[in-house]
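Structure first, then comments.
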Amino acid sequence: MPELAQVVVDVPTMQTNQPYTYQIPPTLEKQIQVGVRVIVPFGNGRRTVQGFVVGINQETKYEGKLKPIQAIMDLQPVISSELMELSKWLADSTYSFWISCLYTMLPNLLKAKTTRIIRIIDEVDEHVAFDIFHGKDELEMTDVQDNPTILSELLKLQKAGKIAIEYQVEDRAHAKTVTGIHPQLNFEQLEDERISLHSNAHAQNRLISYLQSLNGQTVKFKEAQRITGLKPATFNQGQKKGWLEKVPIEVYRQPLDMQGTPDDQHLAAPLTLNADQEAAVNKINHAIDDHASQVFLLQGVTGSGKTEVYLQSIANALRQGKTALMLVPEISLTPQIVNRVRRRFGSKVAVLHSSLSNGERYDEWRRIERGEAQVVVGARSAIFAPLKNIGLIVLDEEHESSYKQDESPRYHAREVAKWRGKYNHAPVVLGSATPSLESRARAVKNVYHLLRLPHRVNQQILPPINIVDMRDEVKKHGESNFSQVLLGELADRLQKGEQSILMLNRRGFSSFMMCRDCGAVLKCPNCDISLTLHMDTRTMKCHYCGHEEPIPHECPNCHSRQIRYYGTGTEKVEQELHQLLPGARIIRMDVDTTRRKGMHAKLLRQFGHHQADILLGTQMIAKGLDFPNVTLVGVLNADTGLGLPDFRASERTFDLLSQVSGRTGRANKQGKVIIQTYNPDHYAIQDAKEHNYEKFFKQEMMLRRQAGYPPYYYTVRLMASHPEEAKAAGAMAKIYEQLKNGLSSSTIILGPTPRAIARMKRRYYYQIVIKYKKDPYLHQLLFDILQNTQSRGFKDVQVSIDQDPQYFM
DNA sequence: AGCACGCCGACT
DNA sequence: GTCGGCGTGCTC
């Protein structure tokens, strides 16, 4: 019996979400392995697609004739056996396609581009040759596919055999190369060449000496020019005379911020640990040494030196000959933290940012895959880094919601980390000053091992927090984003030459246009939400679909000219600040000023060098920053997130206030925090003021218990969308019937209801939230529901399932 | 996804 | 009669 390949093809639909069996042609027999990418014929016609070999065996249930694999794209598997296992688990636990999970684990460049090319194979008339093919003999399908007239014409020609459609699967993954030069002659031969030189050919003479000094090595052309000072023309002469040859040298793309990485001779030494840190490191190191897949929850107040604990534990994993993975939320993946890891571990470190180009990302991935990097630092998707023999996984700021991917596959990096920890028999460290309720509850139940760092390393007390009641403030001093107290403190810092950080909480908050006469709010034509004013581009933008339109001068509803904008953006605050404190130098950080590559780092560097007095920003400045000269943190509007219809609203507010408070008093100077709010008595704000996580945890747990939310219940969210509201609602109603009949009696079904943002990108959304403690039928039932989605009655309906959603909106 | 097959109304 | 609209089903 011949070996057969089981292939998962790149056709992400429910019906094709399974391996297909292919013959292995004799020429590929030796190269085919599980985890390589292949090109296979799929469907009628000459269509070819990319796929992954997920198994090699002799089994097939398929009765028809098996097709052969057309080509193999990798010499080595790009999916290891660990990641293969993981991909199956991921698809199952997130209700997503296997193929999507495989791609999620790889750099984008490994997703092949498929193109359809239309080629003339027989005489066609002039109209076709010039008007459609523009005189050429081939055409890309993408150029014509949305022109029905041309398309039908081409279809006829295809039937007549005049043109043919060819499929090309193109691998986009290419190693970057630079030109290198390689001596073609040995020392003596070069010496002979020297003799035949003209006496004034000094440059060529020097080139010969240089080539001799290379001893047969290949060097980069640029490098050779730099060292010899010779012109490219001289080298070209040498090439013509056969002394040297130009060859491509494979190099890794160097991200901007990688340049200037310390060399491995001058790495930073570990810092001295305090007793708490040492106890934590010891526990973690024991687990590493014992190959124990224990989960630790490292709960340490801001400034308590969690990072040092991570670094020393990572160092221990490396000493054991193992690798380590450290995850950081994208928002705090700042140069500060990356540089700290690089200074400690030098060239062993690979970094996976979202701001890397596809090529850079591919190169970092290959460095890891080849074992050249043993420490990986990155955001969410770095959890799939192709490290082998993992000894430790760290998730910093484990409570961050950005660890959950909000599109399919909707995985949580924390859960993947635990899976890989188990597979590799390695501990997982979850670190946070404000752990998620889920994690902390597990620590209480001893599922996780709790490690605490209750003190700041510099013995600084946590900064005192003042709450300013903005209701009084507005009564006494009128509308302003700045209370008298905050202004006074800011002026005081300016005078002392100290720095301040101001945070504008943008959650659930933005500048919108409203008509003062009829009250109409300018809304997105595609989505059900108001448009946000962007002064920099002078446009109104939709934050959901990207729709953009000019700022209106009159109300589109009643044509009144009394249309004004409301709300507060960072720009408006900056303007107000310039008026109130004319001398202050301000750096504004928000999505608009940091969109350009490298701007984030640049602005922080400027602030670090004290080129500004005030750093004004959104949530992105709340985490991870460490500036010793900052002695004041102000939160302009603490409570805008509290009103959101989301059971985690209080937790997020508490986290945010705690995190941002930690940005001050980090060095020797005492810091201070001022929080402005319209809800001064809310427990999330009061507990943050007291730096009292325990109190907040107890209170919030009680409320979650009463309302039946996580961590007391698991939740799943189902969503259905359709361009017509009734169709979306109807689909959800059908799903509701299936659920009601199939689930156990203790399970609670909420809905169906329209989503808080009921319309987005021209589609209407309906949702159901299921709350359950234990339901043996649920998992299978949800898969059945997805399967039923294929039937009539669900035409054009998109259904998605989100296990443990982060947001209910 | 992409394509063929097949069943209905509108035209050469 | 046939062309082409879209609903349905299949891809190893």
Side-chain angles (χ1 to χ4, degrees), chain A residues 1-25 28-29 32 34 36-73 91 96-104 111-118 139-161 163-170 407-409 722-724 727 730-731 786-800:
Chain A
M1 282 272 274
E3 292 283 334
L4 300 170
Q6 311 298 337
V7 177
V8 172
V9 292
D10 183 9
V11 184
T13 65
M14 206 61 211
Q15 304 118 60
T16 51
N17 187 30
Q18 45 152 10
Y20 286 84
T21 311
Y22 285 85
Q23 292 172 38
I24 304 173
L28 299 179
E29 238 167 45
I32 289 279
V34 172
V36 296
R37 293 175 302 151
V38 288
I39 297 171
V40 292
F42 193 71
N44 302 326
R46 285 154 295 277
R47 187 183 181 201
T48 53
V49 295
Q50 182 175 271
F52 290 84
V53 176
V54 298
I56 295 173
N57 51 39
Q58 284 139 13
E59 295 159 27
T60 183
K61 281 187 198 130
Y62 188 62
E63 306 277 318
K65 187 162 163 31
L66 298 181
K67 292 181 183 175
I69 288 177
Q70 193 178 85
I72 177 164
M73 300 178 79
S96 47
F97 306 126
W98 195 353
I99 188 71
S100 312
C101 294
L102 289 164
Y103 279 130
T104 297
K111 183 171 168 103
K113 205 176 99 190
T114 51
T115 42
R116 280 179 293 164
I117 289 170
I118 308 161
L139 185 70
E140 276 204 17
M141 184 63 113
T142 43
D143 298 337
V144 292
Q145 66 187 359
D146 14 64
N147 187 328
T149 330
I150 294 186
L151 213 57
S152 67
E153 204 164 346
L154 290 174
L155 221 64
K156 260 183 236 160
L157 287 167
Q158 191 192 6
K159 278 208 179 113
I163 61 169
I165 299 179
E166 290 171 13
Y167 294 79
Q168 280 185 6
V169 179
E170 184 197 342
E407 57 187 53
S408 177
H722 192 278
E724 292 168 49
K727 294 268 174 64
L786 273 187
Q787 196 65 252
N788 289 340
T789 296
Q790 300 311 124
S791 66
R792 72 239 114 225
F794 282 90
K795 191 174 143 41
D796 296 330
V797 177
Q798 285 173 11
V799 176
S800 69

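Below, chain A is the first sequence line, B the second, and so on; all start at residue 1.
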Next on the checklist: By the salt bridge (charged side-chain N to carboxylate O under 4.0 Å, His left out) test, which pairs, at least two apart or in different chains, include something from residues 4-17 of chain A?
Outcome noted: A:Asp10-A:Lys111

Checklist outcome for this item: First and last nt of DNA chain C near chain A, cut-off under 4.0 Å to heavy atoms, 5' to 3', are C:dG4 to C:dC12

Checklist entry - So which pairs with a foot in residues 64-73 of chain A pass side chain to side chain donor-acceptor pair (under 3.5 Å), sequence neighbours left out? => result none

Next on the checklist: Could you tell me the boundaries of the chain A footprint on DNA chain B, defined by atoms under 4.0 Å from its heavy atoms?
Outcome noted: B:dA1 to B:dA4

Checklist entry - When we call it a touch if two heavy atoms are under 4.0 Å apart, what does A:Gln15 touch: a base, just sugar-phosphate, or nothing? => result base

Next on the checklist: Tell me every residue that passes side chain to side chain donor-acceptor pair (under 3.5 Å) with A:Tyr167, counting only those two or more places apart in sequence or in another chain.
Outcome noted: none

Checklist entry - Within the distance-only criterion (no hydrogens, no angle test), does the side chain of A:Gln6 pair as donor or acceptor with the backbone N or O of A:Glu59 below 3.5 angstrom? => result yes

Item to check | Residues that A:Thr114 engages under side chain to side chain contact (heavy atoms under 4.5 Å, CB included), provided they are two or more places apart | outcome: A:Val169

Next on the checklist: Classify A:Tyr22 by what it touches in the nucleic acid, base, sugar-phosphate, or nothing, heavy-atom distance under 4.0 Å.
Outcome noted: sugar-phosphate

Next on the checklist: At 4.0 Å (heavy atoms only), tell me whether A:Pro19 reaches a base, stays on the sugar-phosphate, or touches nothing.
Outcome noted: nothing

Checklist outcome for this item: Contacts of A:Glu166 meeting salt bridge (charged side-chain N to carboxylate O under 4.0 Å, His left out) (sequence neighbours excluded), chain-then-number -> A:Arg119

Next on the checklist: If the condition is side chain to side chain contact (heavy atoms under 4.5 Å, CB included), which residues does A:Glu140 pass it with, not counting sequence neighbours?
Outcome noted: A:Thr115, A:Ile117, A:Thr142, A:Asp143

Next on the checklist: Please enumerate all residues that pass side chain to side chain donor-acceptor pair (under 3.5 Å) together with A:Arg46, with sequence neighbours excluded.
Outcome noted: none

